[in-house]
Structure formats: C-alpha cells, structure tokens
Undergrad: 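Have a look at this one before I ask anything.
Nothing fancy with the numbering, it's 1 onward along the sequence. Atoms within each ligand, like the ligands themselves, are counted from 1 in listed order. A quick note: this is a predicted structure, and the numbers were derived from the prediction, not measured.
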Amino acid sequence: MTNISFPSGFAWGVATSSYQIEGAAMEDGRGESIWDRFSKTPGKVKDGTDGDVACDHYHRFRDDIALMKSLGVKHYRFSVAWPRILPAGRGKVNQPGLDFYGRLVDALLEAGIEPFVTLYHWDLPQVLQDEGGWVRRSTAEAFVEYSSVVARALGDRVKKWITHNEPWCTSMLGYQLGIHAPGLKDYRSALEASHHVLLSHGLAVPVIRAASPGAEVGITLNLAPAEPASPSAADHDAARHHDGYSNRWFLDPLFGHHYPADMIADHIAAGHLPPEGLTVVRPGDLEAIAVKCDFLGINYYSRAVVRSDKVPEAENEPRKVFVAPEKDWTEMGWEVYPDGLRELLLRVHFEYRPRKIYITENGVSYSTPPGPDGRVRDEKRLTFLRDHFVAARRAMEGGAPVAGYFVWSLLDNFEWDRGYSQRFGIVWVDYKTQQRIPKDSALWYRGVMAENAVTVP
Ligand code: FCB
C-alpha cells in the first residue's frame, strides 16, 4: 500500500446543483425555469420525471448539512436558482428565495463548511427563454443584474463564486443538440448563445468582486481530452475539430486568445455561421470575456476518442463520433479514463496558465442499490474516485495548480435528460422516503478528507 498525500489546505468537497436536488419547484414565489418546462414536455426526459420534488433538499437542507458534517466535508459547491431570486428574470427581487440561500449559507458556515456558489447551473427563468434565452444579448445583461443581487446578499459570507457551470452544455446541449433545455436545434443560435454566456461571465466578474470583497471568482468548464481513433490524417483532423468544439471554443476567449480561427473557419465552411463569422461579437466583448479570474473550475468525466465519420443523428455537427474502447463503461455510457484528468490538467496549465484550478466536478454513475443489510457497496465508485484523485495528484506534481476537488455528487439526484435513472451520489437517496444512506464510497471519502491522502494498492 502506498499513501499519496495532498498539500495542506487542499479543498476536498462535494457538489450539487439547484434543480437537481432542491425540489419545492412551486414554493416561496419561485418562477418557472427552462428545466421545469423542458422536463414536463413529453419525451424530453428519459424516464418522464422532473425536478418538482427531487431530493427535497429545499426542506431538508439542515439534515443534508448535518450529513455533510458527519462525513467531514469542509467545502460544498451548490448553485443558486435564478428563478427563485428573480422570477421574472430581472427586476423585482423575490425576498423569500434570497432568504433560503441566506439560511443555507449560514447553516453551512455554522457547520464549518465553506460555500462555493455557482450562479448558473442551467435553470434559466423561462420568461427569458421566451425572449430567446442565451441567443439574446439581453440575457447576458439580465445575468449581470441577477449576479449582483445574489452577490450583494451573500457576498459578506460567500467568498468563492463560480459564474457559470459548463457553458458548452448550456449552449451546445441546449441550443445545438436539443438534448437539454431549452431543447433547440440550431447551430448558429448555439454559437451565439455560447458568446452571450461567456460575455455574461466577463461582465459579472467585476460586479461580483465589488459586492464580495476579497472573494475568489471563476468559471467552470467541462473539458475532455480529444484523441484521434486512428493515426489517419482524417481522424487527427476530427480530433482537432472536436477539441476546438468542446475545449478551445471556451478556453481560448476566456484566456484572451479570441475564438479559435480554425473553428470559425470550420463553422463558416459548414454553413453554421455566415461568411462574416460570429456576428454577435461587439467591440469590447472579447476584452470583457478575458477578465482575469482567480481560478478555473474544471469538470472532468471522460475523454473523447474521435473518428472522422459524419453522424447524421448528431445534428449538423460534422465528422465526429465517440468510439472509446469498450473495456470499461459507466452507466452513462462514458469510458472510465483517469489518466485523461492528468493530461487535461497539465495541458490547461501549460497552455492557458490559470492562477488556480479547482476540479469542480468528477464522479460516476453506478446504480448499486443497498444490500439486504442496508449497506451500499459501491466498490466501483470508490475505485473510480481513488484513481482520479491519484491522476490529479500526478498532474500537481507536474506543476498544475490544483487547489481543490469536488466529488459529483453529494446525493443521487435528477440527472437532467436521464431523470432519476442515473445515480451519481456518494449518498444513496430513496426517492419514496427521502432516506439518505451514505454509500461505502462516502465512508471511504471521509477518510481521504480526514487524512488528506489516498491509499493505493
Ligand atoms: C455535469 C453537470 C452535472 C451533472 C454531471 C453528471 O455535466 O454539471 O450537473 O449532471 O454532469
């Protein structure tokens, strides 16, 4: 057995998001979000479920905090639901919504748990979608207003802020592939949406800093190394394209390099953009987006192995498929590939030089149920997490400035278009009784956090 220790002060934590756990969808003046609308549209969520009740965290947050405390969790990443704060998207503040997060933050601090607050984890007020959502620049302006309201209310106590969770998912899953809310399929709209999401981040950062003195502010991207499926030139080009599509399209502008020229060219050639390119970009936008942040959040789940085939089902997106070897799959159908995290962290460190990196999500879906004795023996999740922790540590030895690691997720929860069919929690949730059972992985993680070290065979 080898003991691999982490630097002192390393921030171990767990992550969740509002729509996936809160429930109480109609309570205390909360407005409708695009996920309420989408999940209630037949055929959009695989098992026909929605987030109306979810883990009922809105009512059980004190118990959930006590649970975290019993596990020794010291850092908790959660998101604020915009429609609870500004039900009309902008304008009148809904005080009961704001108060909920005030109580949550106070209870966390009392339990010795530091809050990491994500402002946008996908639950856009439906009224803003009715105006066009992220395709409209006015949504970026509304986001700045919303951020300001939340940061002014919580900024004395919250000192870690994440503007957006995974802009790729917001724009591409939401507006290009139609898999997530609002479920649109229009490539040009998706690219325009991505610009407005990034712009809203850039404009919100100084506003948050002003309202929350001394705070660290950043953004979270979902990133995946893209590898060619074969040595062929065509597959290499497909991997280049895929890397541009999912990684560089977001990293480049955030770090001051503008949108990648090869991708603009690809999009023009494919007819996704007019010959003039991304016409929604106005003078000053790229400077705003490149605002210096205190950290970059990275969510890592798997790599993408890319082939040059065109996939008719993948709406307009040319020449890419994912063909990971079938040696190991999670229930999401994602390949288990810990070394991809090491590669990714080092690449981001050397190419973009973020001041600091938090792994804001990493975890795995296995549905292992409680045994007759009530214990959840999720050995595979434990191994998955252990191997990824080690991969992150290796990247740190190589210089990557990783300051913390948040396991996705504290609880089994509403996994978007997959509904409740996927269980990512280190804590089992019985959705009928709302009983929580810490899985073996949670009990093991308690030890990792306490020791600030991982033991590997
Ligand atoms: C990420 C999301 C998170 C969860 C995990 C499995 O893309 O940020 O909400 O759904 O995937």
Side-chain angles (χ1 to χ4, degrees), residues 13-23 33-35 38-39 44-47 49-51 54-55 57 76-82 116-124 162-177 179-181 194 197 201 218-225 245-247 250 296-304 322 329-337 340-341 344 358-367 378 380-381 384-385 388 405-427 429 439 441:
V14 291
T16 64
S17 87
S18 48
Y19 190 70
Q20 294 180 278
I21 64 162
E22 284 179 359
S33 86
I34 56 173
W35 270 96
F38 185 78
S39 59
K44 300 296 186 195
V45 174
K46 207 174 150 214
D47 58 3
T49 57
D50 56 47
C55 306
H57 172 78
Y76 175 48
R77 173 178 178 238
F78 64 92
S79 77
V80 173
W82 186 344
F116 279 58
V117 174
T118 307
L119 286 160
Y120 189 75
H121 202 126
W122 309 348
D123 37 6
L124 184 73
I162 295 162
T163 53
H164 280 270
N165 179 66
E166 305 187 346
W168 180 87
C169 293
T170 301
S171 48
M172 299 303 166
L173 287 179
Y175 293 80
Q176 181 221 345
L177 299 166
I179 294 169
H180 279 186
S194 69
V197 170
H201 156 79
I219 185 169
T220 281
L221 301 179
N222 54 307
L223 302 173
Y245 170 71
S246 54
N247 303 323
F250 301 91
L296 174 68
I298 294 182
N299 294 353
Y300 175 76
Y301 288 94
S302 192
R303 65 171 169 178
F322 304 87
W329 298 86
T330 75
E331 289 179 26
M332 288 293 277
W334 298 343
E335 182 195 5
V336 177
Y337 191 64
L341 178 58
L344 176 67
Y358 288 105
I359 296 161
T360 40
E361 285 179 32
N362 172 243
V364 64
S365 165
Y366 292 125
S367 57
D378 61 337
K380 279 164 76 182
R381 175 174 292 100
F384 178 99
L385 291 173
H388 284 78
Y405 202 120
F406 292 75
V407 170
W408 183 270
S409 178
L410 171 65
L411 303 168
D412 290 335
N413 59 44
F414 178 77
E415 179 48 38
W416 309 112
D417 58 301
R418 314 287 185 105
Y420 297 97
S421 69
Q422 301 291 323
R423 290 180 176 268
F424 275 91
I426 55 170
V427 173
V429 176
K439 303 178 188 179
S441 57

Undergrad: Answer yes or no: does an N/O atom from Asn165 fall short of 3.5 Å to an N/O atom of ligand 1?
TA: yes
Undergrad: Starting from atom 7 (O) of ligand 1, what is the nearest protein heavy atom, named by residue and atom, and what distance separates them?
TA: Glu166 OE1, 2.5 Å
Undergrad: Quick one: salt bridge (Lys or Arg N to Asp or Glu O under 4.0 Å) partners of Asp50, sequence neighbours excluded?
TA: Lys40
Undergrad: Just checking, any donor-acceptor pair under 3.5 angstrom between side chains of His121 and Ser79?
TA: no
Undergrad: Side chains of Thr16 and Tyr76 only: does a donor on one sit below 3.5 Å from an acceptor on the other?
TA: yes
Undergrad: Residues two or more places apart in sequence or in another chain: which of them pass ring-ring contact (aromatic ring centres under 6.0 Å, His included) with Tyr358?
TA: Phe116, Phe295
Undergrad: Within the structure, does Trp408 bring an N/O atom to less than 3.5 angstrom of an N/O atom in ligand 1?
TA: no
Undergrad: Looking only at side-chain N and O atoms, does Asn165 offer a donor or acceptor that is under 3.5 Å from a partner on Thr220?
TA: no
Undergrad: Using a heavy-atom cut-off of under 4.0 Å, does the side chain or the backbone of Met332 touch ligand 1, or both, or neither?
TA: neither
Undergrad: Checking side-chain polar atoms at under 3.5 Å, does Gln176 have a donor or acceptor matched by the opposite partner on Tyr245?
TA: yes
Undergrad: Name the orientation class of the two ring planes belonging to Trp122 and His180 (parallel below 30°, tilted from 30 to 60°, perpendicular beyond 60°).
TA: tilted
Undergrad: If you take the nearest heavy atom of each of Tyr300, Tyr301, Phe424, which one is closest to atom 5 (C) of ligand 1?
TA: Tyr301
Undergrad: What do we get for Asn222 next to ligand 1 when only non-hydrogen atoms under 4.0 Å count, side chain, backbone, both or neither?
TA: neither
Undergrad: For the 3.5 Å polar cut-off, considering only N or O atoms, please tell me whether Trp416 and ligand 1 meet it.
TA: yes
Undergrad: Just jot down the ligand 1 atoms closer than 4.0 angstrom to any heavy atom of His121, in number order.
TA: 2 (C), 3 (C), 8 (O), 9 (O)
Undergrad: Quick one: which of Arg418, Glu415, Glu361 has a heavy atom closest to atom 10 (O) of ligand 1?
TA: Glu415
Undergrad: Just which atoms of ligand 1 are under 4.0 Å from any heavy atom in Gln20?
TA: 3 (C), 4 (C), 9 (O), 10 (O)
